[in-house]
Each structure stands twice: as structure tokens, then as C-alpha cells.
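This report refers to the structure that appears directly beneath it.
Note that the structure is a prediction, hence the values are computed from the model and not measured. Side chains are part of it too, since the values below use all heavy atoms of this structure and drop only hydrogens, waters and symmetry mates. Indexing begins at 1, ligand by ligand and atom by atom, following the structure's order.
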Amino acid sequence: MSRINQSLGEFIIENQGEFAYSSGELSRLINSIRLAAKMVNHEVNKAGLVDITGSVGEINTQGEDQQKLDVFANNVFIQTLTNREIVCGIASEENEDFITIAGSNSDHKNKYVVLIDPLDGSSNIDVNVSVGTIFSIYRRITPLGTPVKKEDFLQPGNLQVAAGYIVYGTSTMLVYTTGHGVNGFTLNPALGTYYLSHPNMRFPEEGNIYSVNEGNYVHFPQGIKDYIKYCQQEEGNRPYTSRYIGSLVSDIHRNMIKGGIYMYPKSSKAATGKLRLLYECNPMAFIVEQAGGKASDGETRIMELKPTDLHQRVPFICGSKTMVEKAEEFIAKAKN
Ligand SMILES: O=P(O)(O)OC[C@H]1O[C@](O)(COP(=O)(O)O)[C@@H](O)[C@@H]1O
Ligand SMILES: [Mg+2]
Ligand SMILES: [Mg+2]
């Protein structure tokens with residue numbers, strides 16, 4: 001049951017009954033993410049001050065120039081989850097391998113694994129443009145009492161028990177789902193409390209915003225080029241408006257509120273696209289679908305893809321249902 005301005009803590013407790021395996025552990029897990037996000041929010045708001053700006057001068061496991069805030073956010077989430085003894089393993093976009101968390105009794109008794117993109121939209125940190133954090137939660141499939149294994153992290157997205165993101169923008173919001181719809185909570189910085197501001201978020205069936213890095217246009221597959229041309233044609237409610245922030249969380253958050261499509265296709269420069277299946281595409285796909293939208297790699301439902309590698313990348317198209325279906329139509333036509 002939800003009420004406007006209900007606090008996130010109240011909402012979690014009042015809705016934990018909805019959850020199939022409710023034992024309070026998932027609630028504690030989401031509460032820990034809420035806490036870690038507040039600590040990261042505090043640093044993000046200082047972006048621009050010397051000590052938190054710029055690169056650490058190292059290339060991360062993604063081959064990207066790792067930012068100080070990437071490292072800070074990664075440490076905060078890993079520490080907060082580890083200290084609260086509620087997860088048996090964590091996989092992060094910033095870490096080569098997954099982290100096993102035995103627990104203080106070294107008994108590997110915890111049920112959940114968490115996968116995180118601790119700081120999404122890193123290229124926007126130093127230019128004061130909104131960034132985010134993305135999280136995805138699964139029940140482990142290996143036996144309790146044994147160390148977590150890689151297969152616990154390589155589960156298809158449709159087995160997620162919860163997923164969400166935090167957007168650090170004009171305000172800070174935490175948006176998540178446990179498979180019972182999508183709810184958004186805005187942080188009141190004065191009180192340090194998140195309040196339910198966006199109950200039961202829904203993607204408009206159709207929208208008029210398209211989000212894609214058109215700088216890569218010449219490298220895109222023909223189907224994507226044809227769809228972008230379709231978006232720009234003078235017909236019906238087109239041409240659509242082009243909006244691209246370059247932070248996945250912020251682009252999808254805007255499109256969920258206003259209606260629109262986000263695309264990060266494969267290209268001749270990136271044969272499998274750029275975005276990571278485990279840390280970005282699966283959790284955002286769960287949110288998008290729970291809000292009535294659609295998410296695919298252009299052909300296959302993202303959440304049905306069987307992951308094979310901790311850092312695999314996939315083409316990603318998601319948003320308003322009819323717009324994603326139209327894009328898939330162009331992709332299929334160009335293939336024939
Ligand atoms: O600059 P590009 O190639 O358009 O890529 C932007 C995309 O890359 C990302 O920044 C990748 O995420 P990270 O910042 O977590 O590495 C997405 O947030 C964003 O949508
Ligand atoms: Mg990211
Ligand atoms: Mg990141």
C-alpha cells in the first residue's frame with residue numbers, strides 16, 4: 001500500500017509482504033543501498049571541488065579512464081553492503097572479478113548477490129550533469145553455506161528479485177522495483193530522508209523523444225539508421241525531439257516520465273555495443289518492463305539473454321513500448 005510522502009523506510013516495511021521470500025533480508029538490503037546512496041550523493045554534490053574531481057589516473061576493467069567518484073562510490077557500496085552482512089557476493093562494473101562475502105562467521109549464510117554500476121555517466125561528473133548508480137539483486141543459486149560462485153551472477157535478468165537506480169540530478173531520487181511496479185522516492189536533503197514522490201511510475205505507451213549518440217550515426221547498422229531517419233521525418237507526432245544526456249540513468253528516467261526511446265546500438269566501432277548486460281541493461285530493463293515499457297537488444301528481450309561473462313556488453317534499446325517495437329521493425333526489415 002503506498003501513500004504520497006510516505007518515507008522509503010516505511011514503504012519498504014509496509015510492502016515487504018508482497019515479496020515471495022519475505023524474511024526482512026531484502027528490506028535490509030534495500031535499506032543499505034539507500035544509506036550508501038546518501039553518502040555518494042553527499043560527494044556528488046561536491047563534484048567540482050578539487051578532492052573529488054577528475055581521474056585517478058588508472059584504466060578500469062572496462063578499459064575506461066577511472067574517475068575518483070567511480071572509485072569512491074564503488075568503495076562506499078561495497079563497504080556498506082559487506083558491513084551489514086546481508087549479501088554473499090558483490091559484482092561491480094569497476095571490479096575485474098566478483099567479491100565473495102563470507103560473513104563475520106565465515107559461514108556464507110546470506111542469500112543475495114548484488115551487481116552494481118556504482119557511478120553511471122562518469123563522463124558527466126566534472127561537467128555538472130546528472131549521474132547515477134544502478135543496482136540489481138538476485139537470490140543465489142548455489143547452496144547456502146558454500147562460497148558464492150560465478151554462476152550466481154550470470155543469471156538471466158528475468159530472475160532478478162529487485163533492481164533500481166539512484167539519479168543524482170536536480171534532486172536525488174531512488175527508483176526501484178521488486179517485481180510489483182516501480183516507485184520513485186525523492187531525497188529531502190535537509191532531513192536526509194527519501195519520500196515517495198512518484199508512486200507507480202509508468203512509461204507512456206508512445207512518446208516523442210529519441211535518445212541516441214548520433215555522433216556514431218555513420219557506424220550504426222542500417223536498421224538503426226532507418227529508424228533515426230523515421231524519428232526525424234515530418235509526419236504525425238514526428239519529428240521527435242532528440243535528447244541525449246550521456247548518462248544512461250538520466251536518459252531513461254526522463255524518457256520514463258515524458259515518453260521516449262533510448263538506444264545504445266552495436267556499431268562498426270563496438271560490435272556488441274557499449275553497455276554492460278549485468279550492471280546496466282538487466283536492471284534498467286526490469287525497471288522499464290515493470291513500468292510498462294519494453295527493453296531488447298533490437299531482437300531479443302534483454303531479460304531473456306543468458307549471460308556468459310561478468311563484463312559482457314550488449315546492444316540496448318528500451319522505452320515506450322510502441323517506439324521500441326517500431327525500432328525493432330526497422331532492424332528486422334534491414335536484416336531481410
Ligand atoms: O559517451 P557515449 O559513448 O555516448 O556513452 C554514454 C553512455 O556510457 C555510459 O556513461 C556508461 O556508463 P558508465 O559511466 O557507468 O561507464 C552511460 O551512462 C551512457 O549512456
Ligand atoms: Mg554505467
Ligand atoms: Mg559506471
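Vertex the Mg ion (ligand 3); arms to L119 O and E93 OE1; angle rounded to 10 degrees, 160°. Considering the Mg ion (ligand 2) as centre, the angle to OE2 of E280 and to OD1 of D120 is 120° (10° rounding).
Side chains of S247 and N124: a donor on one and an acceptor on the other come within 3.5 Å. Side chain to side chain, T300 and E304 fail the donor-acceptor criterion of an N or O pair below 3.5 Å. T172 and N41 share a side-chain donor-acceptor pair at under 3.5 Å.
Shortest non-hydrogen contact noted between P199 and N183 is CA-OD1, 3.3 Å.
R28 places no side-chain N or O within donor-acceptor distance of the main-chain N or O of N31, the cut-off being under 3.5 Å. Q62 contributes a side-chain N or O that, together with a main-chain N or O of E93, makes up a donor-acceptor pair within less than 3.5 Å. Judged by distance alone, with hydrogens and angles left aside, the side-chain atoms of E10 form no donor-acceptor pair with the main-chain N or O of Q6 at under 3.5 Å. Y279 places a side-chain N or O within donor-acceptor distance of the main-chain N or O of L310, the cut-off being under 3.5 Å.
Of the heavy atoms in E93, only side-chain atoms (C-beta onward) come closer than 4.0 Å to ligand 1. Residue contacts with ligand 1, taken as heavy atom pairs separated by less than 4.0 Å, involve N213 solely via side-chain atoms from C-beta onward. Neither the backbone nor the side chain of Y279 comes within 4.0 Å of ligand 1, counting heavy atoms alone.
In this structure, K229 is positioned above the aromatic face of Y217, its NZ or CZ under 6.0 Å from the six-membered ring centre and within 45° of the axis.
Taking only non-hydrogen atoms, the option from G121, P118, S211, S247 nearest to atom 10 (O) of ligand 1 is G121.
At least one side-chain heavy atom of E214 sits under 4.5 Å from a side-chain heavy atom of Q232.
Of the N or O atoms in S122, one or more lie within a sub-3.5 Å distance of an N or O in ligand 1. Taking any N or O of L248, backbone or side chain, at least one lies under 3.5 Å from an N or O belonging to ligand 1.
Exactly one of E206, E205, K294 qualifies for a side chain to side chain donor-acceptor pair (under 3.5 Å) with T322. That residue is E206.
At least one heavy atom of R276 sits less than 4.0 Å from an atom of ligand 1. In this structure, V249 falls outside the shell of residues with a heavy atom less than 4.0 angstrom from ligand 1. Within the 4.0 Å heavy-atom shell around ligand 1 one finds Y264.
The closest protein non-hydrogen atom to atom 15 (O) of ligand 1 is D117 OD2, 3.0 Å. Residue, atom and distance of the protein heavy atom nearest to atom 20 (O) of ligand 1 are Y262 OH, 3.0 Å. The shortest contact between atom 5 (O) of ligand 1 and any protein heavy atom is with K274 NZ, 3.0 Å. What sits closest to atom 4 (O) of ligand 1 on the protein, heavy atoms only, is Y244 OH, 2.6 Å. Atom 19 (C) of ligand 1 has G246 O, 3.3 Å as its closest protein atom, hydrogens excluded (heavy atom only).
The distance from the Mg ion (ligand 3) to the nearest N/O/S atom of D117 is under 2.8 Å.
Under a 4.0 Å criterion applied to the non-hydrogen atoms of E280, ligand 1 contributes the atoms 11 (C), 12 (O), 13 (P), 15 (O).
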